[in-house]
Visitor: 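Structure incoming, see below.
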2 protein chains.
Amino acid sequence: MSNTQKEAGTASTKATPQRSANLPLDTILQGECTEVMRGLPDASVDMIFADPPYNLQLKDQLQRPDNSQVDGVDDAWDKFDNFASYDSFTREWLAQAQRILKNTGTLWVIGTYHNIFRVGTAMQDHGFWLLNDIIWRKTNPMPNFRGTRFTNAHETLIWAAKSADQRKYTFNYNALKAMNDDLQMRSDWLIPICSGKERLKKNGKKAHATQKPEALLYRILMAASKPGDVILDPFFGSGTTGAVSKKLGRHFVGIERDEGYIAVARERIAATERLDEEALGYTISKRQAPRVPFGQLVEAGLIKTGATLYDSRRRHTARVRSDGTLVSRDMTGSIHQIGAHVQGAPACNGWTFWHVENRGDLVPLDRLREEIRAISHA
Amino acid sequence: MSNTQKEAGTASTKATPQRSANLPLDTILQGECTEVMRGLPDASVDMIFADPPYNLQLKDQLQRPDNSQVDGVDDAWDKFDNFASYDSFTREWLAQAQRILKNTGTLWVIGTYHNIFRVGTAMQDHGFWLLNDIIWRKTNPMPNFRGTRFTNAHETLIWAAKSADQRKYTFNYNALKAMNDDLQMRSDWLIPICSGKERLKKNGKKAHATQKPEALLYRILMAASKPGDVILDPFFGSGTTGAVSKKLGRHFVGIERDEGYIAVARERIAATERLDEEALGYTISKRQAPRVPFGQLVEAGLIKTGATLYDSRRRHTARVRSDGTLVSRDMTGSIHQIGAHVQGAPACNGWTFWHVENRGDLVPLDRLREEIRAISHA
DNA sequence: TGACTTCGTGAATCCAGAG
DNA sequence: CCTCTGGATTCACGAAGTC
């Protein structure tokens, strides 16, 4: 720690931020969000979760960029002025977020209709590439007491990659699918609001007005980060991001202005335990598994040269050559090429298309590949 | 019809728009959205539903795992050079929409993450007052075929009043509550996509790439318009807004550029029938229902002078005086005032707070009021 | 007829690595 | 930049065909 950012609880000095060479892990930095972010190194964090102010009472929370006070003028101008200052605030922290994020990293922002449209627009303008907007559906929202509107029963999250050409972001597709009864996870998530024992209290009152449920952060971290990753939360608040990061074996970096919230968050995180390795395990996708060429199955003797392969309905056949290529009636090539060829399809995954016969049953090549992987892993 | 806008099928002339004195009801005006809107009078429509282009930025053809092609939106009307040109397009039609809308009217816009943030920002900048964002959750969305993102399973609607000081907009709270098993309607709506018989075909192919389900428009019109109201749809497309407006006894004004879509929509609307009065009847909002003073219940004998009232947990009591005021230990006043007083609350709805005892059970005053209304209505 | 299977399709910013 | 290739990847619903 060598600059204006300071670890929670230590004294602070106001000075020009100097960029530190590396990140202080699993700590809370006290200070203004944008200012502290300026001190963090380029391309250093794997994921950012941001829960910025929702712009509900802007005058109390924000000032113009030049720190001047917003005057009481007529409503329309006043409103425009508020939006403008909120926008500049948003664009400043987004610019820092984009700089700090690794190329493979993604940004999550949560908000409501008061602010989320402005945040989304700013993200697009900065070149973030939107991947999804996610709807957090609340099982137990506060009703609309006056009967003047619909129950505001959701909040919106925006999930974005660093830029349009960054397509290699972290997304644990299969883990999320597993969490959803083996169906692709959708963009609408049903999660209760934070209440009961999870809700942090201080002197009998809620410690933070907008504490997010851990289940929400759990799903986000499971989806878009890996164990050991560094998660930045520039609006740390009561520390939900830190607590869930610790639970899931991720590192966190929190930024928070309010010393009171920091104290609450530190205590909370200290009381949180990392889940054990078994609980941390998650479904990895085939994409992450080591590549196994088909020829290796022939080499290993799992498939014999000259063996006949069939598709699942025995409508097509091909024979295996010693170099791991296939031959059909009029063509030779890879398992994929021949699979595509016999079907007249533009492409084909030979691993799932072709089968070998075993005591009358057809076994897909994919299963033999799994055996190879299990052996070489052991 | 006296200006550049023209009814569907008639000849058109390009000329400077002159504003017409009144609206051509239940017709489709052919032309560019903003240009045609310039010809419509100020403060003349009760509700606007807008389904603008989403500005999707699709690159290559997408194939399903079975190698079939996805028939994506590649229409010219969805092509914009960049965000700036989409924004100026948006701001132009929004400005007209705001001018044309009655003070009591509301605007609905639908979109996805590709465009909705820009639309929402522009609406706020124009002074529209956002009332809710509504999530249309699709029961049967298209999956993400590549396993690269979450299933994009929803679209977002923004519902807004004309300006922050327009609070007397139309909202049929009770009708919506009745549609939702007597629970307050939430901001997330589960509705299937438009398919099957409802989906309009032309030469065996879908007539419009983005036809909206009638159930969606049904709920919107039930919520935010009254029979006889005028509904404007500046992006009329296949005419879902027109068809549902006719069904529900509303008038529509459609604007559409494409003659082919107009032909489809006209035929569709001609084949649509207005629902009968019984089906049309909906719960009258309590705020619109005739006001029933508490004293009227006393007058009617439903509550006896001197009777004791209780809150639902019998923690507080008050006694009824003959003039319809209540008396607690140290104060007299209306049911609302005394309800607030005994709780130490700033305000209280006495109709739901206070109960009378009936054979040991507590019955809220609200239920007795409903009886009065039923009697006086008959 | 009925149960069962197959096929088509929907507002979609939808691949990664080697050479 | 490019091209080429391996190979990973889908849910709900309606219509039509099959047994």
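Quick note on labels: first sequence line is chain A, next is B, and so on, each numbered from 1. Excluded from the calculations below are hydrogen atoms, water molecules and symmetry mates; all remaining heavy atoms, backbone and side chain alike, are included. Just so we're clear, the structure is a prediction, and the values are computed from it rather than from any experiment.
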Visitor: Once you measure the plane-to-plane angle for Trp93(B) and Phe235(B), does it fall in the parallel (<30°), tilted (30-60°) or perpendicular (>60°) bin?
Guide: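 It falls in the perpendicular class, over 60°.
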Visitor: About how many Å separate CD1 of Ile116(B) and CG of Asn55(B), when rounded to the nearest 0.5 Å?
Guide: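 With rounding to 0.5 Å, CG (Asn55(B)) is 12.5 Å from CD1 (Ile116(B)).
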Visitor: Checking contacts here: which listed nucleotide (dG10(C), dA16(C), dA12(C)) is nearest the side-chain heavy atoms of Arg167(A)?
Guide: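 In terms of side-chain proximity for Arg167(A), the closest of dG10(C), dA16(C), dA12(C) is dA16(C).
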Visitor: Is it the case that the side chains of Thr240(B) and Arg268(B) hold a donor-acceptor pair, with the cut-off being a distance below 3.5 Å and no angle test?
Guide: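 Per modelled atom types, Arg268(B) and Thr240(B) side chains form a pair under 3.5 Å.
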Visitor: To the nearest angstrom, how far is Phe150(B) atom CZ from dA12(C) atom P?
Guide: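 So the CZ-P distance, Phe150(B) to dA12(C), works out to 18 Å.
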Visitor: Could you check whether Asp188(A) pairs with Arg186(A) (Lys NZ or Arg NE/NH1/NH2 to Asp/Glu carboxylate O, under 4.0 Å)?
Guide: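 Judged by the 4.0 Å cut-off on N to carboxylate O distance, Asp188(A) and Arg186(A) do form a salt bridge.
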Visitor: Want to settle it: does Ser68(B) or Leu131(A) sit nearer the 5' end of DNA chain C, counting the closest nucleotide to each?
Guide: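 It is Ser68(B), whose closest nucleotide lies nearer the 5' terminus.
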Visitor: Which value, rounded to the nearest 0.5 Å, describes the distance between Ile191(B) atom CD1 and His154(B) atom NE2?
Guide: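 So the gap between those two atoms works out to 14.0 Å.
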Visitor: Give me the distance, rounded to whole Å, that separates dA12(C) from dT5(D) when you measure between the P atoms they each carry.
Guide: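 Straight-line distance between the two P atoms is 31 Å.
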Visitor: Considering only atom P, compute the distance from dA11(C) to dT9(D) and round it to an integer number of Å.
Guide: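 Pairwise P distance, dA11(C) against dT9(D), rounds to 25 Å.
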Visitor: Report the residues that fulfil side chain to side chain contact (heavy atoms under 4.5 Å, CB included) with Pro143(B), sequence neighbours left out, ordered by chain and then residue number.
Guide: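 Side chain to side chain contact (heavy atoms under 4.5 Å, CB included) list for Pro143(B), sorted by chain: Gln184(A), Phe145(B).
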Visitor: Can you tabulate the close N/O pairs, meaning under 3.5 Å, that link protein atoms to atoms of nucleotides 4-6 of chain C?
Guide:
none

Visitor: With heavy atoms under 4.0 Å as the rule, sort Pro213(B) into base, sugar-phosphate or nothing.
Guide: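 Nothing, no nucleic acid heavy atom in range.
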Visitor: Within this structure, what is the CG-to-P distance between Asp78(B) and dA11(C), rounded to whole angstrom?
Guide: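 Result: 13 Å.
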Visitor: Could you tell me whether the phosphate oxygens of dA11(C), OP1 or OP2, come under 4.0 Å of any side-chain nitrogen or oxygen in Lys206(B)?
Guide: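 False: Lys206(B) side-chain N/O out of range (4.0 Å or more) of dA11(C) OP1/OP2.
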Visitor: Do Val244(B) and Ile220(B) come close enough that some side-chain heavy atom pair is under 4.5 Å?
Guide: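 No, too far: nothing below the 4.5 Å cut-off.
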Visitor: Once rounded to the nearest 0.5 Å, what's the spacing between atom CD of Gln96(B) and atom CD1 of Ile48(B)?
Guide: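 Those atoms lie 10.0 Å apart.
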Visitor: Summarise protein proximity over nucleotides 14-19 of chain D in one line of letters, 5' to 3': B for base, S for sugar-phosphate only, - for none, counting protein heavy atoms closer than 4.0 Å.
Guide: -S----
Visitor: Could you give the distance from CD1 (Ile135(A)) to CD (Glu155(B)), rounded to the nearest 0.5 Å?
Guide: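 Interatomic distance, Ile135(A) CD1 to Glu155(B) CD, rounded to 0.5 Å: 11.5 Å.
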Visitor: Does anything in residues 323-330 of chain A come within less than 4.0 Å of DNA chain C? Heavy atoms only, and list the residues if so.
Guide: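 Per residue number, the list is empty: none.
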Visitor: In whole Å, I'd like the distance from the CD atom of Gln69(B) to the C1' atom of dC7(C).
Guide: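 Rounded to the whole Å, the gap is 17 Å.
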Visitor: Taking the C1' atom of each, how far is dT10(D) from dG8(C), in whole Å?
Guide: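 About 13 Å, rounded to a whole number of Å.
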Visitor: Using whole Å, what does the distance between atom P of nucleotide dG10(C) and atom NZ of Lys138(B) come to?
Guide: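 My rounded result for the distance is 12 Å.
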Visitor: Heavy-atom distance under 4.5 Å between the side chains of Ile110(B) and Phe49(B), does that happen here?
Guide: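 Yes, side chains in contact.
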Visitor: Assign the ring pair Trp159(B) / Phe150(A) to parallel, tilted or perpendicular, where the plane angle (0 to 90°) is split at 30° and 60°.
Guide: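 Taking Phe150(A) first and then Trp159(B), their aromatic rings stand perpendicular (interplane angle over 60°).
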Visitor: Would you kindly check whether a donor in the side chain of Lys212(B) faces an acceptor in the base of dA11(C), or vice versa, at under 3.5 angstrom?
Guide: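 In this structure, the two groups form a donor-acceptor pair.
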Visitor: Scan Trp136(B) against the nucleic acid and name what it touches under 4.0 Å (heavy atoms): base, sugar-phosphate only, or nothing.
Guide: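 Result for Trp136(B) = nothing.
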Visitor: Between Arg118(A) and Asp125(B) (salt bridge meaning N to carboxylate O under 4.0 Å), is one present in this structure?
Guide: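 Salt bridge: yes.
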Visitor: How are the rings of Phe89(B) and Tyr86(B) set to each other: parallel, tilted or perpendicular (split at 30° and 60°)?
Guide: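 Aromatic pair Phe89(B)/Tyr86(B) classed tilted.
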Visitor: Treat primed atoms plus P, OP1 and OP2 as sugar-phosphate and everything else as base, then score nucleotides 6-11 of chain D 5' to 3': B for base contact with protein heavy atoms under 4.0 Å, S for sugar-phosphate contact only, - for none.
Guide: SBBBBB
Visitor: Calculate the interatomic distance between Lys205(B) atom NZ and dG8(C) atom C1'; express it in whole Å.
Guide: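 Roughly 14 Å, once rounded to whole Å.
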Visitor: With a 4.0 Å cut-off on N to O distance, would you call Glu256(B) and Arg266(B) a salt bridge?
Guide: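 Result for this pair is no, no salt bridge flagged.
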Visitor: Between Lys205(B) and Asp71(B), does any NZ, NE, NH1 or NH2 come within less than 4.0 Å of an OD or OE carboxylate oxygen?
Guide: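 Salt bridge between Asp71(B) and Lys205(B), a charged N being under 4.0 Å from a carboxylate O: no.
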Visitor: Touch check for Asp71(B), heavy atoms < 4.0 angstrom, all strands: base, sugar-phosphate only, or nothing?
Guide: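 Result for Asp71(B) = sugar-phosphate.
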Visitor: Between Phe171(A) and Leu131(A), does a side chain to side chain contact (heavy atoms under 4.5 Å, CB included) hold up when you go through it step by step?
Guide: CA-CA 11 Å; Phe171(A) 179 48; Leu131(A) 298 169; over 6 Å; no
Visitor: Heavy atoms only: give me the nearest Ala243(B)-Glu214(B) pair and the separation to one decimal.
Guide: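 Ala243(B) and Glu214(B) have their closest heavy atoms at CB-OE2, 4.0 Å.
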Visitor: Run through DNA chain C and report every stem of 3 or more consecutive Watson-Crick or G-U pairs, distances under 3.5 Å, ordered by first number.
Guide: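 Stems found: C:2-10 with D:11-19, C:15-19 with D:2-6.
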Visitor: When you compare dT9(C) with dA8(D), how far apart are their P atoms, in angstrom units rounded to a whole number?
Guide: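 The same atom, P, in both gives a distance of 28 Å.
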Visitor: State whether Lys202(B) and Glu267(B) are salt-bridged, where the test is any N-O pair (Lys NZ or Arg NE/NH1/NH2 against Asp/Glu carboxylate O) under 4.0 Å.
Guide: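 A salt bridge is absent here (no side-chain N lies under 4.0 Å from a carboxylate O).
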Visitor: In whole angstroms, how far is the P atom of dA11(C) from the NZ atom of Lys59(B)?
Guide: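 In whole Å, dA11(C) P lies 22 Å from Lys59(B) NZ.
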Visitor: Can you tell me the distance, in whole Å, between the CD1 atom of Ile193(B) and the P atom of dG8(C)?
Guide: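 Rounded to the whole Å, the gap is 17 Å.
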Visitor: Could you tell me whether Thr139(B) contacts a base, only the sugar-phosphate backbone, or nothing, with contacts defined as non-hydrogen atoms closer than 4.0 Å?
Guide: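 It contacts sugar-phosphate atoms only.
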Visitor: Roughly how many Å is it from CH2 in Trp129(A) to P in dC15(C), rounded to a whole number?
Guide: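 Between P of dC15(C) and CH2 of Trp129(A): 12 Å.
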